[in-house]
Number of protein chains: 2
Amino acid sequence: MDKEISQAVIRRMPRYYRYLGELLDAGVDRISSNELSSRMKVTASQIRQDLNNFGGFGQQGYGYNVKYLYDEIGKILGLDHQHNIIVVGAGNLGQALANYVKFEKRGFMITGLFDVNPALKGVSVRGIEVRMMEELPEFVQENRVDIAALTMPKEQAEAVAKQLVELGIDAIWNFAHLDLELPEHVVVENVHLSDSLMQLSYNIVKKENDTEKK
Amino acid sequence: MDKEISQAVIRRMPRYYRYLGELLDAGVDRISSNELSSRMKVTASQIRQDLNNFGGFGQQGYGYNVKYLYDEIGKILGLDHQHNIIVVGAGNLGQALANYVKFEKRGFMITGLFDVNPALKGVSVRGIEVRMMEELPEFVQENRVDIAALTMPKEQAEAVAKQLVELGIDAIWNFAHLDLELPEHVVVENVHLSDSLMQLSYNIVKKENDTEKK
């Protein structure tokens with residue numbers, strides 16, 4: 001895998017993984033690219049192209065072996081490793097993340113919850129105790145942490161992100177409503193809920209305009 | 001605006017809006033496309049191209065008037081209207097959404113919170129009372145609802161989405177971990193947190209591989 005694979009392709013891979021997982025659960029062993037295509041509402045040629053980025057996994061006249069393809073995409077997505085996640089910001093959103101049992105099925109284990117609010121000290125979410133921010137450095141020294149999720153207000157996010165990077169964490173799942181300025185070796189994935197809402201709103205206005213024109 | 005604008009462009013617009021808002025807050029009146037470019041880490045030509053989709057807003061030698069551009073992008077994104085949102089699923093995630101005061105600043109008002117759990121009946125989140133699902137049809141008849149956010153488990157999401165559409169709601173902000181099958185006139189925006197986490201994980205693995213090669 002030497003060439004650079006576009007983030008657009010990467011964005012589609014979890015969706016393939018999700019659909020293949022559902023097929024597996026439904027007891028489907030193999031599927032043609034046409035069937036997969038009609039289920040996923042992606043053209044068969046797009047599917048072939050996407051998978052060819054990773055060497056392709058289909059066989060002419062046979063289609064795809066669901067279990068094999070599911071496992072291979074899982075490896076591509078790094079789901080054959082366990083990832084330990086700490087959640088920094090134990091408000092509603094942080095607690096929502098800690099409550100997602102499905103993350104664990106994919107190997108994403110939430111191992112710590114941190115906050116600055118003393119009222120949350122000792123509160124436990126699905127067995128994970130909320131710790132105070134002062135305890136963060138020691139926690140990171142003593143426990144492997146692969147990913148930090150930032151679920152605190154925007155105002156504190158930049159400083160906390162820098163602290164996390166100094167502590168050696170180099171993957172950030174950012175829910176704070178800003179683009180973090182971090183060293184290049186740090187991998188950041190943003191979930192900007194307001195941006196998503198604005199895209200929705202754009203598409204609502206657009207649909208209204210399109211309808212008026214008709 | 002007759003031509004189709006790609007979703008990739010639309011995805012960047014909220015980010016422009018966010019940066020311009022910060023510039024406004026900082027008292028900046030005008031900005032060159034080069035300055036905007038270096039702040040946003042997008043090439044100046046990309047910015048010009050994106051904005052040209054909507055007619056372009058810059059003036060040679062002057063750059064952009066920040067307030068004007070902010071307002072115009074706001075209109076493009078439909079932020080000059082108020083949008084009433086109901087949140088269906090009043091667990092942690094639903095409550096987190098109801099607690100985001102920033103949505104209101106953009107005209108997104110959360111006007112209702114619904115759940116099936118009787119333990120939540122009457123609980124109030126930032127002044128918004130949790131109602132039971134049985135009350136939904138009446139609520140939608142009596143109140144304008146522009147968007148429904150789905151924050152309940154995947155298993156119920158498809159049926160609830162269909163119910164919402166039958167009640168006349170035609171914009172869904174979907175947090176449930178599946179792709180909804182809805183009539184074409186319905187606008188859907190997905191926030192798939194697991195997909196986002198898998199993208200992060202892909203980029204972590206990729207970085208490790210790239211580092212090993214060096």
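Throughout, protein chains are lettered first and strands after them, A, B, ... in sequence-line order, and every chain is numbered starting at 1. This one's a predicted model, so the numbers in the text were calculated from it and none came from an experiment.
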Between B:V205, B:N99, B:L200, B:I172, which shows the greatest number of heavy-atom pairs under 4.5 Å with chain A?
-> B:L200

B:N53-B:Q49 side chain donor-acceptor pair, cut-off 3.5 Å | no

Pairing of A:R15 and B:D195 as salt bridge, 4.0 angstrom limit | no

Could you tell me which of B:V187, B:V188, B:I147 has the largest number of non-hydrogen atom pairs under 4.5 Å with chain A?
-> B:V187

Search all heavy atoms of A:Y16 against all heavy atoms of A:Q46 and return the closest pair with its distance.
-> OH-O, 4.0 Å

Taking 4.0 angstrom as the limit, do A:E22 and B:K154 come out as a salt bridge?
-> yes

Between B:K41 and A:D179, is there a side-chain N and carboxylate O pair less than 4.0 Å apart?
-> no

Would you say the side chain of A:K105 lies within less than 4.5 Å of the side chain of A:V101, judging by non-hydrogen atoms?
-> no

Presence of salt bridge, A:K67 and A:D71, under 4.0 angstrom = yes

Does the ring center of A:F114 lie less than 6.0 Å from the ring center of A:F139?
-> yes

Options A:R106, A:H83, A:R11, A:K102, ranked by heavy-atom pairs under 4.5 Å with chain B, top entry = A:R11

Comparing B:N190, B:L77, B:L197 against chain A, the one with the most heavy-atom pairs below 4.5 Å turns out to be B:L197

Closest approach of A:Y64 and A:S33, non-hydrogen atoms and distance?
-> CE1-CB, 3.6 Å

For chain A, find its close neighbours in residues 84-97 of chain B: heavy-atom separation under 4.5 Å, sorted by number, or none.
-> B:I85, B:N92, B:L93, B:Q95, B:A96, B:L97

Who wins among B:H81, B:M13, B:M40, B:Q7 for the most heavy-atom pairs under 4.5 Å with chain A?
-> B:Q7

Against chain A, label B:H192 side chain, backbone, both or neither, depending on which of its atoms sit under 4.5 Å from a heavy atom there.
-> side chain

